[in-house]
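Taking it in order: structure first as structure tokens, then the write-up.
Keep in mind the model is a prediction, meaning the values are calculated, not measured. All heavy atoms count here, side chains included; hydrogens, waters and symmetry mates do not.
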Amino acid sequence: MATGFGSPGVPGIYSEHQIKAGAKSSMLFTPRRNIFLQLWHVGRVSHSSFQPGGVLPVAPSAVPISTDFKAVTADGKVVPYETPRALETAEIPGVNRRLIGRARAMR
């Protein structure tokens, strides 16, 4: 299950459509030019409204972002950040597999 989608405007390669669009973009550049894409899991920066089934976002620990900052929900509401669910050790290989899969898809 994808758990790394963060908020509106955060670029990503979550879907086949985005992968194909990224491949088309890379064709604009001359041969032998490298294009870099930073892969990251947004963790506690996300909101449950972006998560499959509306579950809490996962992070390394169940520590929320400061109340000085706000999240934006999938429907555009500005709300306090939620306290994320701590990622279980057994879940780490799955997150790694998804990130590696997305990286390979962009070759």
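For K70, the NZ atom sits in a packed shell: over 12 heavy atoms of surrounding residues, nucleotides or ligands are nearer than 6.0 Å.
Rounded to the nearest 0.5 Å, atoms CZ (R85) and CD (Q51) are 9.5 Å apart.
In this structure, V95 is not a member of the same hydrophobic cluster as I100, with clusters built from ILVMFWY side-chain heavy atoms closer than 4.5 Å. Residue F69 is grouped with residue V45 when hydrophobic side chains (ILVMFWY) are merged at heavy-atom distances under 4.5 angstrom, including chains of intermediate members.
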Taking distance alone, no hydrogens or angles, what donor-acceptor pairs closer than 3.5 Å link side-chain atoms of residues 53-66 to residues at least two apart or in another chain?
unit_1 : atom_1 : unit_2 : atom_2 : d
S66    : OG     : D68    : N      : 3.0
S66    : OG     : D68    : OD2    : 3.4

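Inter-residue side-chain proximity for K77 and H47 is flagged as unmet; no heavy-atom pair is nearer than 4.5 Å.
T83 is linked by a side-chain hydrogen bond (donor to acceptor under 3.5 Å, both in side chains) to nothing, counting only residues two or more places apart in sequence or in another chain.
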